[in-house]
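To find a chain, count down the sequence lines: A is the first, B the second, and so on, and within it residues start at 1.
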Number of protein chains: 2
Amino acid sequence: MSEERATQLEQALRAAGVRVTRQRAALLRVIAASDDHPDAAELHARAEKAGVGVSLATVYRTLTTLQAQGVIEKLEFQGEPARWEAADQTHHDHMIDLDTGEVMEFTNERIERLQAEIAAEMGYDIVHHRLELYVRRRRD
Amino acid sequence: MSEERATQLEQALRAAGVRVTRQRAALLRVIAASDDHPDAAELHARAEKAGVGVSLATVYRTLTTLQAQGVIEKLEFQGEPARWEAADQTHHDHMIDLDTGEVMEFTNERIERLQAEIAAEMGYDIVHHRLELYVRRRRD
DNA sequence: ATGTCTGCAAAAGATTTGCAACCAG
DNA sequence: CTGGTTGCAAATCTTTTGCAGACAT
C-alpha cells in the first residue's frame, strides 16, 4: 500500500523532470512507510536499515527536492531538528506532548476558516500556516 | 516610557535573585525600546550602537535568562534565527508577509478558545502554542 | 566577600555546498 | 551521451559552553 504510493510518486517525479535515483526511491519508500514524524538523521538511519546506502547530505538534498515537489512537508517544532511527513494526507495541525514528546495530529475547520478571515481582513492571502499546541496531559 | 518600564523590570529581576549587570540593563532598555522583532545579532548591534559593549555570548545568555523570568518571548519563524519580543503586551499571534518579511501581530479570541477546546477534548492542557500565518498581499 | 556573570575562543549541532565521479533517462 | 545527482569533506550559521577573571549585592 505505501509501496504502491511510492511507485505512484516516482511517476510524478519523473514527469516533473526529477530523476528517480536509487537513493530517492529508497527515501520515498521509507517516508511512505513512516506514520510518525522522523527527522533527517532518522530517515537516513531507516534507509540504511533498509539496505540502501545514502549519504546524509543526499538525504537533506532529497528532502528539499521532495518538499519542492509537494510530496512531503517540513515540520519545525521548538528547538529540535526539522521533522518531515508525507503530504498526501488531508491538512492537519500538530499537538506536542511536552512530557513524552509525542506528536499528535488534529484538524479544526473553524480555526482554518477564522485564519483565512483574519488574513483577508488585513488584505492578505494565506500561503501556509503553522499551528502547534504544546500541551501537558491534564491531571485531576 | 520604555525607560521606566526597563527600570521597573530591573527591580523584579533583582527581587528574583538575578543580578542586574551593565549588560543586562542595556539589553533590557534595547528590548523595551524595540517595537519590532529583532534577533540576537540585531540586539547585539543595537546595544553596541547605544554605547554598551556586550559580547554576543552574553546576549544569548541574557535572552535565555530574561525568557526564564517571563520578561521576553522567543519567536522562531521558518528558517531564520530566533527573534525576540517584550512579553508585556497581551497575547497575540503573528502573520509574516513572505514578500517583504514584515511581521504583523493579531489576536483572535475565538481561535484561542477553540484551541483550548481541542486540547481539552483530547485530555490535555495547553502550556503554550504557536500560530503563524505566512501570507502574501492580496492582488486583485 | 563570594557566588554570579562576562568575554573569549572553541565546540556543538543542524544543514549546506564545492567539486569530481557517477548514473538515469 | 550528458546534465542532473551523489558522496565526501569542508564550510556555514546559529547557538552553547568551559574557563579564568570581573563585578553586583
* Interatomic distance where CG belongs to B:Leu28 and P belongs to C:dC5 [whole Å] -> 14 Å
* Asked: What is the distance, rounded to the nearest whole Å, between atom CZ of A:Arg22 and atom P of D:dT5?
  -> 15 Å
* Hey, is CZ on A:Arg110 packed in by over 12 heavy atoms from elsewhere, all under 6.0 Å? -> no
* Asked: Picking from D:dA24, C:dT15, D:dT15, which would you name as closest to the side chain of B:Thr21?
  -> D:dA24
* Asked: Is there a side-chain polar atom (N or O) of B:Gln23 under 4.0 Å from OP1 or OP2 of D:dC23?
  -> no
* **CG on B:Leu133 to CE on A:Met122, rounded to 0.5 Å** => 9.0 Å
* Could you tell me the separation between the NE2 atom of A:His91 and the CD atom of A:Glu112, rounded to the nearest 0.5 Å? => 3.5 Å
* Does a donor on one side chain sit under 3.5 Å from an acceptor on the other, for B:His128 and B:Glu73? -> no
* Structure fact -> Here the side chain to side chain donor-acceptor pair (under 3.5 Å) pairs for residues 114-123 of chain B, sequence neighbours left out, are B:Gln115-B:His129
* Asked: Taking for each residue the nucleotide of DNA chain C bearing the nearest heavy atom, is the 5' side occupied by B:Arg19 or by B:Thr58?
  -> B:Arg19
* Structure fact -> Angle separating the five-pair end axes of the helix from C:dA1-D:dT25 to C:dG25-D:dC1, nearest 10°, is 40°
* **Separation of atom CD in B:Glu76 from atom P in D:dT14, rounded to whole Å** => 14 Å
* **Nearest-neighbour nucleotide for the B:Ala82 side chain, D:dG7, D:dT15, C:dT16 considered** => D:dT15
* Asked: If you round to the nearest 0.5 Å, how far is CZ of B:Arg29 from OG1 of B:Thr7?
  -> 4.5 Å
* Over how many whole Å does the gap from B:Leu27 atom CG to C:dC5 atom C1' extend? -> 13 Å
* Nearest-Å distance, CG (B:Leu56) to P (C:dG7)? -> 10 Å
* To do: Could you state the atom-to-atom distance from CD of B:Glu48 to C1' of C:dG7 in whole Å?
  => 12 Å
* Could you tell me the separation between the CD atom of B:Gln69 and the C1' atom of C:dT4, rounded to a whole number of Å? => 14 Å
* Asked: Within this structure, what is the NE2-to-P distance between B:His44 and D:dT15, rounded to whole angstrom?
  -> 14 Å
* Asked: So which nucleotide from D:dT6, C:dC5, D:dT16 ends up closest to the side chain of B:Tyr60?
  -> D:dT16
* **Selection from C:dC5, D:dA9, D:dT25 that lies nearest to any side-chain heavy atom of B:Arg14** => D:dT25
* Within 45° cone of B:Tyr124 ring axis and under 6.0 Å: A:Arg138 NZ or CZ -> no
* Is there a donor and acceptor pair closer than 3.5 Å between the side chain of A:Arg61 and the base of D:dG7? -> yes
